Amino acid sequence: MGRYLVTAAWPYVNHVPHLGTLIGSILSADIYARYLRLRGHEVVFVSGSDEHGTPIELEARKKGVHPKDLTDQVHEYNLKLWRAYRISFSNYTRTESKVHKEFVIEFMKKLEENGYIFSQEEVLPYCERDKTFLPDRFVEGTCPYCGFERARGDQCDNCGRLLHPTELKNPRCALCGSKPVYKTTRHWFIDLRRIQDRLLKWLRDHRELPENVKKFSLNWVSQGLRPRSITRDTSWGVPAPFKGAEGKTIYVWFDALLGYISATKEYFMKSEGDSEKWREWWWNREVKTLYFIGKDNIPFHAIIFPAMLMASGDPYVLPWRISATEYLMYEGQQFSKSRRIGVWIDEALEIAPADYWRWALARMRPEARDTNFTWKEFYRIVNSELNDDIGNFVHRVLTLIKNRLDGEVPEVRSLADEDKKFVEMVLSEARKAMEELDVIKIKAATDHILEVARAGNRFLNERQPWKLLAEDEEAGRSALYAALWAVKTLAHLLAPFTPDAAERLWSMLGMEGSVHEAIWDEWLDKPPKPGSKIGRVEPLFTKLPANFLERIDAVIDEARVKAATKRPPLIRE
RNA sequence: AGCGGGGUAGGGUAGCCUGGCAGCCCGCGGGGCUCAUAACCCCGAGGUCGGUGGUUCAAAUCCACCCCCCGCUACCA
């Protein structure tokens, strides 16, 4: 038994998360956290709302409210959504929490004490009308290379050239359109150069990082790290604790990354009233830490975060595994809040239950390349995989036992050879699912779950227990017992993926307790208990209506309307 | 432009590290079964493995160059 700290990237709460955010970090992490618990490990699973930063400040300003009003509402709403999606957080907190802010301040002071912080003057674009410094991408203008009129200060979206805001012709503030001026300001930097060698060695020797993360990071670090600014001229955020930095805040990324630690601290404070216990997890080399993120986040988790931990001088455990997904596309396009492309996770729940989304998104998890979410694929996964393959197999077996054996799990002296062979095959698929999960191949694991159901269907067709029972009762009972064993195996395997359905199946099987507490290492090989009574049998899943795809536009519209009424006022459209 | 990832039947994917008849799911065509949620099972058709060149007895797999998609490039998060 080990200790695992599972983390999911913190959603940025300028809006409700979309499906890509869900599978990219939080749902993947949840499936994994559930899996680890089912393997008997001690798990702390944390995440939280990422609240600071310019985009939220501006969004709030646009709505005429304080940023905290906005993030209060979105945070509370997201909490409800995570519950609805059965995300099994130990703690889902926020960057505005007291524990977090204090932690960040202490941590930053430590970096300064250790000599990793220095300050330097910079000349940055400033909007006098909005009274704010503008991040590069908030300066718009005409691209000096291709003439595109809506080029951003960091990059031209038309020709792809990297730009600097001073290069833009007719520069203007992206918010109000007025011409920015340049003002001198002082910022504080973390000197990553001093950690470069340690970081390089750590990356090189790392055996658990996936290829894509490792290569990318090694390459980046070997090219030489530069100091990185960690303060911003804004009041929205964690106050920068450095001497002379009054009125400035910590750059949102550095604050958010430390949330993994502060969330753990807060968890033990809340659950055990212990404000020191977090160190048993973070200052402990035996603890394995996992990070579930999207591919755009690799540098922050594989370079900057470990660098910060090293620079602290404290014995922090460095990332053990970082699972970076590619992107989920929506019908061939990027999800986009501003262009209203995609489905948001509250809207999704108005279309299908959480279990269906959890399974479908796991099946579409972009593990190797960007993956396209299509309604056609969603429909196929729900109707043909969940219902036809899994749900119907379960239903076949349970109704047979209900109708032919009085709903009682049969006593079988010894399984017939072909039944034994089938059970062995089922258990071997379960082991394969575990092997895939052990290396965080979540999608591949679901293949083995489906294979159990498919093999089960094949087995029923071949053995025809309904016929056997009439010809040779003992043989029929043996076959049904084997089939039931497969159903029980499915209940275990489905638990991390479709927790509600797995639990319902568990009780249909007449099992006691919760499937989520049945540790696989102890339970998976256990045969169904003869004599126990099958509970009320009902379909595990139901299909999406046959005309679902035809009327998908209407379905989405209805879902949007319904979801909108439940949203807090500041994010209602 | 540089760096990382990816391109495999109509769609979704495995295989690539370590070369040996290109595997699986959906869809499609045909058949079977009747326990079950109009389900399930079997058989079949469908591939210039992004392109070109090379190494090799043999290349999806190794090498070189090129094309396309995504991400990052240090002030979006």
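Naming convention: chains lettered A, B, ... in sequence-line order (proteins, then strands); numbering from 1 in each chain. Just so you know, these numbers come straight off a predicted model, no measurement behind them. Just so you know, these numbers use all the heavy atoms, side chains as well, and skip hydrogens, waters and symmetry mates.
For the C1' atom pair drawn from B/C42 and B/U61, the interatomic distance equals 33 Å after rounding to whole Å. Between B/G32 and B/G71, the two C1' atoms lie 50 Å apart (nearest whole Å). Spacing between B/G31 and B/G47 at atom C1', rounded to whole Å, works out to 26 Å. Atom C1' of B/A77 sits at a distance of 38 Å from the matching atom of B/A60, rounded to the whole Å. Of the C1' atoms belonging to B/A64 and B/C70, the separation is 24 Å, rounded to the nearest Å. Taking atom C1' on both nucleotides, B/G53 is separated from B/G6 by 22 Å, rounded to a whole Å. Spacing of C1' atoms, B/U48 relative to B/G44, comes out at 23 Å, to the nearest Å. Between B/U73 and B/G19, the two P atoms lie 37 Å apart (nearest whole Å).
When the nucleotides B/G6, B/C42, B/C40 are ranked by their closest atom to the side chain of A/Arg396, B/C40 comes out on top. If you check B/C41, B/C35, B/G5 against the side chain of A/Leu460, the one that comes closest is B/C35. Residue A/Asp50 has its side chain nearest to B/A77 when only B/C25, B/A77, B/C41 are considered. Nearest nucleotide to the side chain of A/Lys441, out of B/G15, B/C35, B/C26: B/G15. Considering only the side chain of A/Glu377, B/G12 comes nearest among B/G12, B/A77, B/C40.
Residue order along RNA chain B, read from the 5' end via each residue's closest nucleotide, puts A/Gln464 first among A/Gln464 and A/Leu540.
At whole-Å resolution of the value, CZ in A/Phe393 and P in B/C40 are 13 Å apart. A/Phe378 has its CZ atom 17 Å from the C1' atom of B/G11, to the nearest Å. Straight-line distance from the NZ atom of A/Lys443 to the C1' atom of B/C25: 12 Å, rounded to whole Å. Rounded to whole angstrom, the span from the OH atom of A/Tyr379 across to the C1' atom of B/G12 amounts to 17 Å. For the pair A/Met329 CE and B/G11 C1', the interatomic distance rounds to 16 Å; values are reported in whole Å. Whole-Å rounding puts the A/Asn383 CG to B/G27 P distance at 11 Å. Atom CD in A/Glu326 sits roughly 12 Å away from atom C1' in B/G7 (whole-Å rounding). One atom, CD of A/Glu462, and another, P of B/C43, lie 10 Å apart when rounded to the nearest Å.
Heavy atoms of A/Leu450 sit nowhere under 4.0 angstrom from any nucleic acid atom. Among the heavy atoms of the strands, none lies under 4.0 Å from A/Asn403. Counting any heavy atom pair closer than 4.0 Å across all strands shown, A/Arg404 reaches sugar-phosphate atoms only and no base atom. Across all strands shown, A/Asn387 has heavy atoms under 4.0 Å from base atoms, whether or not it also approaches the sugar-phosphate. Contacts of A/Arg454 with the nucleic acid, taken as non-hydrogen atoms under 4.0 Å apart, involve only primed sugar atoms and P, OP1 or OP2. The residue A/Asn219 sits close only to the backbone: its heavy atoms come under 4.0 Å of sugar-phosphate atoms, none of a base. A/Phe541 comes within contact range of at least one nucleobase, with a heavy-atom separation under 4.0 Å.
For the residue pair A/Thr249 / A/Arg232, no side-chain donor-acceptor distance below 3.5 Å is found, with atom types taken as modelled. A donor-acceptor contact under 3.5 angstrom links the side chains of A/Arg365 and A/Ser28, judged on distance only.
Under 4.0 angstrom from either OP1 or OP2 of B/G12 there lies no side-chain N or O belonging to A/Thr371. Close to B/C42, at under 4.0 Å from its OP1 or OP2, lies a side-chain N or O of A/Arg458. Within the 4.0 Å cut-off from OP1 or OP2 of B/G5, at least one side-chain nitrogen or oxygen of A/Lys215 is found.
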Legend entry - Under the 3.5 Å Watson-Crick or G-U criterion, the dot-bracket string of RNA chain B, with | for inter-strand pairs: ((((((((.[[[[.)....(..]]]].(((((.......))))).....[[[[[..)....]]]]])))))))....
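By the 6.0 Å and 45° rule, A/Arg321 does not stack over the aromatic ring of A/Tyr291.
The CZ atom of A/Arg61 lies 9.5 Å from the OG1 atom of A/Thr54; values are rounded to the nearest 0.5 Å.
A/His448 places no side-chain N or O within donor-acceptor distance of the main-chain N or O of A/Ala430, the cut-off being under 3.5 Å. For A/Glu367 (side chain) and A/Lys443 (main-chain N/O), a donor-acceptor pair under 3.5 Å exists by modelled atom type. Under a 3.5 Å cut-off, the side chain of A/Ser97 and the backbone N or O of A/Thr93 do not form any donor-acceptor pair.
Residue A/Asp388 places no side-chain atom within donor-acceptor reach of the base of B/U37, judged by atom type and a 3.5 Å distance cut-off alone.
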Legend entry - nucleotides 71-76 of chain B: protein proximity per nucleotide (B base, S sugar-phosphate only, - neither; heavy atom, under 4.0 Å): BSBBBB
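Aromatic ring centres of A/Tyr92 and A/His75: separated by under 6.0 Å. In this structure, A/Phe422 has its ring center at least 6.0 angstrom away from the ring center of A/Trp485. When ring centroids are compared, A/Tyr260 and A/His301 come within the 6.0 Å threshold.
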Inset, instruction - Please assess A/Thr95 against A/Asp255 for the test side-chain hydrogen bond (donor to acceptor under 3.5 Å, both in side chains), listing each intermediate value before the final yes or no. - result: CA-CA 7 Å; A/Thr95 54; A/Asp255 136 31; 4.5 Å; no
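Test A/Tyr12, A/Phe305, A/Phe300 against A/Trp253 for ring-ring contact (aromatic ring centres under 6.0 Å, His included) and you get one pass: A/Phe300.
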